[in-house]
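Reading through the structure tokens given below for one structure.
If you're wondering where the values come from, they're calculated on a predicted model, not measured in any experiment.
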Protein chains: 2
Amino acid sequence: MNTLPIITLDEIKACLSEDDILSAVKEALISHGRGEVNSPPPGILQLDNPAVGECHIKYGHQKGADTFVVKIASGFRDNRNLGLSPNSGMMLVLSAQTGAPVCVLDDKGWLTDIRTAAAGALAAQAGAPDQVTTVGIIGTGEQARLQAQWACRLLGVKSVVVYGRNPQQVTKYINDMTGQGYEVRIAPDVQGLLAQCNLIITTTPSSKALVMKDEVQPGTHIVAMGTDNPGKQELDPALFEKAAVIMVDDLAQCVHHGDLGHAVRGGLIPEDQAISLGLVLAGKKPARQNARDITIADLTGIAAQDIAVASLVWKRKRGV
Amino acid sequence: MNTLPIITLDEIKACLSEDDILSAVKEALISHGRGEVNSPPPGILQLDNPAVGECHIKYGHQKGADTFVVKIASGFRDNRNLGLSPNSGMMLVLSAQTGAPVCVLDDKGWLTDIRTAAAGALAAQAGAPDQVTTVGIIGTGEQARLQAQWACRLLGVKSVVVYGRNPQQVTKYINDMTGQGYEVRIAPDVQGLLAQCNLIITTTPSSKALVMKDEVQPGTHIVAMGTDNPGKQELDPALFEKAAVIMVDDLAQCVHHGDLGHAVRGGLIPEDQAISLGLVLAGKKPARQNARDITIADLTGIAAQDIAVASLVWKRKRGV
């Protein structure tokens, strides 16, 4: 029997363009919205000894496709103390004809990072006000960089306002981003950031609300992508009551472990008030109706995105 | 960054003895019984287009260990038409310090097969009557072979009685097993098998009960390991009412997708009547009390077994 092929990170990066990724992730969100992806609830393993971290397992099958995908993504916050990224992982492509593994994508978590950034940018574009001149970013980690880059690309801007708790991380963020040609300003606090931006992307692992209802300007679109377990929170639950449109990548996940969950469990809104981001991207549901609407996209990351990027890598490697 | 190491099936087989596996699986069942393993419910993906199959994802962490494990196991019944085994899979070892993958065990499903056989044999031994001269096997697939071999080894017998629906598969089973030194007889039906065996292992993918309450002799021990989803069934639910002892590898799993589930959902017995096989193996719970007891071990396969064998391979490869 042959040994399973491993596709390295360099090979993966070499076979995908940004356009490929945006287009694959957009199709994935649409397919998921249409119910064409069979993806059971993700597995979540919380660890606390010897280190604190979590591992998320997302898996599923685009109905009719000849492969299915299992994705493993770990987040260990104290990795920074070891000089390592908090995020790591891998993806597995398996045959939907026989169940056998067909390849391992040793992407070191990169595909998860970029499919998350692509979804954030698509969600930003889907609810963006007409005039966006700068992207507001809360957080200073890997996604704070990627979300800014991918959203700026789709929105055609090069200006970012950032807020982070840790001044050293903020400085590093500004240096990294200005080095890549972005104009970056610092907001003194979240309130200050909300006062100067009408498009905000939240990327933190916060455990309590940062974006408060009364501080958000009319006409603002917020993409909340940091909250991915029930113990995390970035948005004031009351903001969901005030929002004209709430988009979700997956309703069940967002209710279970997204920011939306806090508002639904608190009885502030019924869960059926949220609409599918995929159906908005497909043109089947309207997003922003009015220039003064506050709109929210709550993203928890869905298996459909992983399936799309992993399958695309495998197709490219096979030359089909 | 280094590419993830892949450990091949040959390397895996070369570094584990049967004693290693039995001992690792026994410790795993005991640890699980004691609550020392953090293993959320397994993920199950059902596929039906282009082929019918299922993929089970089991994962978890032995508290305090420096690694955790994710196991992927597929079962695609029509693989036989392609000349392939229905079962395939792989295991992943990840660092519990950083979350990063540390190696891929390209075991082609072999570790799942043997850890399942080892647990079956331990469960057979745990409830076996004093005198067992032959092992009764229902089914003729891979587990029908492995369960017979491993149980015979632990019970010190070399005689098997087999029943299978498909005469060609039965003939092939007998040829394979006699070729390995076992004395194998055919039972004409399940009733006939139950009449001549007091230790039975069921290994089929049946969707309806095969082992009926009134056909089981007093003093029989039954290990039910074929049922691993709610649509499968091997034992008459009424048999659970009659059983003096019901052992389970994991109570929640057996209620959710084992044979026990049919009896509990049917209101025939309360689920707390079942006891942990691990606690029996640890000597903390009694199994058979009486020579005429009917006893059952219901096995669904637990992440602890996968963690134990995968971690052991990785330790051996690292030379620790």
Side-chain angles (χ1 to χ4, degrees), chain A residues 1-11 38-51 53-55 57-61 63-66 68 70 72-79 82 84-90 92 94-101 104-106 108-109 303, chain B residues 1-11 38-51 53-55 57-61 63-66 68 70 72-79 82 84-90 92 94-101 104-106 108-109 303:
Chain A
M1 271 180 287
N2 294 330
T3 297
L4 202 52
I6 284 209
I7 304 178
T8 65
L9 177 56
D10 287 344
E11 292 174 298
N38 172 10
S39 54
I44 302 182
L45 182 67
Q46 307 273 0
L47 297 102
D48 58 11
N49 174 15
E54 54 192 40
C55 179
I57 305 170
K58 289 184 174 157
Y59 57 101
H61 181 223
K63 294 172 189 173
D66 63 355
F68 64 100
V70 179
I72 321 283
S74 296
F76 276 57
R77 63 187 184 200
D78 294 336
N79 282 2
L82 308 169
L84 298 172
S85 164
N87 300 323
S88 55
M90 60 193 301
L92 309 170
L94 299 101
S95 165
Q97 297 279 1
T98 68
V104 175
L105 306 191
D106 182 19
K108 316 290 185 195
Chain B
M1 272 181 288
N2 293 328
T3 297
L4 203 52
I6 283 211
I7 303 177
T8 65
L9 178 55
D10 286 344
E11 291 173 299
N38 172 10
S39 54
I44 302 182
L45 182 66
Q46 308 274 0
L47 297 103
D48 58 11
N49 174 15
E54 55 192 39
C55 179
I57 304 170
K58 288 182 175 159
Y59 58 102
H61 180 224
K63 294 172 190 172
D66 62 355
F68 64 100
V70 179
I72 321 284
S74 296
F76 276 57
R77 62 188 185 202
D78 295 336
N79 282 3
L82 307 169
L84 299 173
S85 165
N87 300 323
S88 55
M90 61 195 299
L92 309 170
L94 299 101
S95 165
Q97 297 280 1
T98 68
V104 175
L105 305 191
D106 182 19
K108 316 290 186 196

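By the 30° and 60° cut-offs, the orientation of the rings of A:Phe76 relative to B:Phe68 is parallel.
A:Gly60 and A:Ala303 get closest at one heavy-atom pair: N-CB, 4.5 Å. Listed here is the closest heavy atom pair of A:Gln97 and B:Pro50: NE2-CG, 3.6 Å. The heavy-atom pair separating A:Arg77 from A:Pro86 by the smallest distance is CA-CB, 4.4 Å. Of all the heavy atoms in B:Thr3 and A:Lys108, the pair that sits closest is CA-NZ, 4.1 Å. A pairwise comparison of heavy atoms in A:Pro101 and A:Leu4 identifies O-CD1, 3.4 Å as the closest pair.
When each of A:Ile57, A:Asp66, A:Asn87 is checked for heavy-atom pairs under 4.5 Å with chain B, A:Ile57 comes out on top. Of all the listed residues (B:Leu84, B:Val70, B:Asn49, B:Leu82), the one sharing the greatest number of non-hydrogen pairs under 4.5 Å with chain A is B:Asn49. Counting heavy-atom pairs closer than 4.5 Å to chain B, the top-ranked of the candidates A:Gly109, A:Gly99, A:Ala51 is A:Gly99. Top candidate by heavy-atom pairs under 4.5 Å with chain B, chosen from A:Ala100, A:Pro40, A:Ser85, A:Gly64, is A:Gly64.
For chain B, the nearby part of A:Ser95 is the backbone; its heavy atoms alone come within less than 4.5 Å. Interface remark: A:Ala65 contributes backbone atoms only to the contact with chain B (heavy atom separation under 4.5 Å). In this structure, the portion of A:Gln46 lying under 4.5 Å from any heavy atom of chain B is its backbone and not its side chain. Of the atoms belonging to A:Asn79, it is side-chain heavy atoms, and not backbone ones, that fall under 4.5 Å from chain B. Contacts of A:Leu45 with chain B are made by both backbone and side-chain atoms, with heavy-atom separations under 4.5 Å. Interface residue A:Leu94: only side-chain heavy atoms are found under 4.5 Å from chain B. Contacts of B:Leu92 with chain A are made by side-chain atoms alone, with heavy-atom separations under 4.5 Å and no backbone atom involved. For A:Ile72, the part lying near chain B is the side chain, with the backbone staying farther off; criterion is any non-hydrogen pair under 4.5 Å.
Here the side chains of A:Ile7 and A:Leu105 are in contact, with some heavy-atom distance below 4.5 Å.
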(message) If you apply the rule side-chain contact (heavy atoms from CB on, under 4.5 Å), what do you find for B:Met90 with A:Val104, and how did you get there?
(response) CA-CA 10 Å; B:Met90 61 195 299; A:Val104 175; 3.8 Å; yes
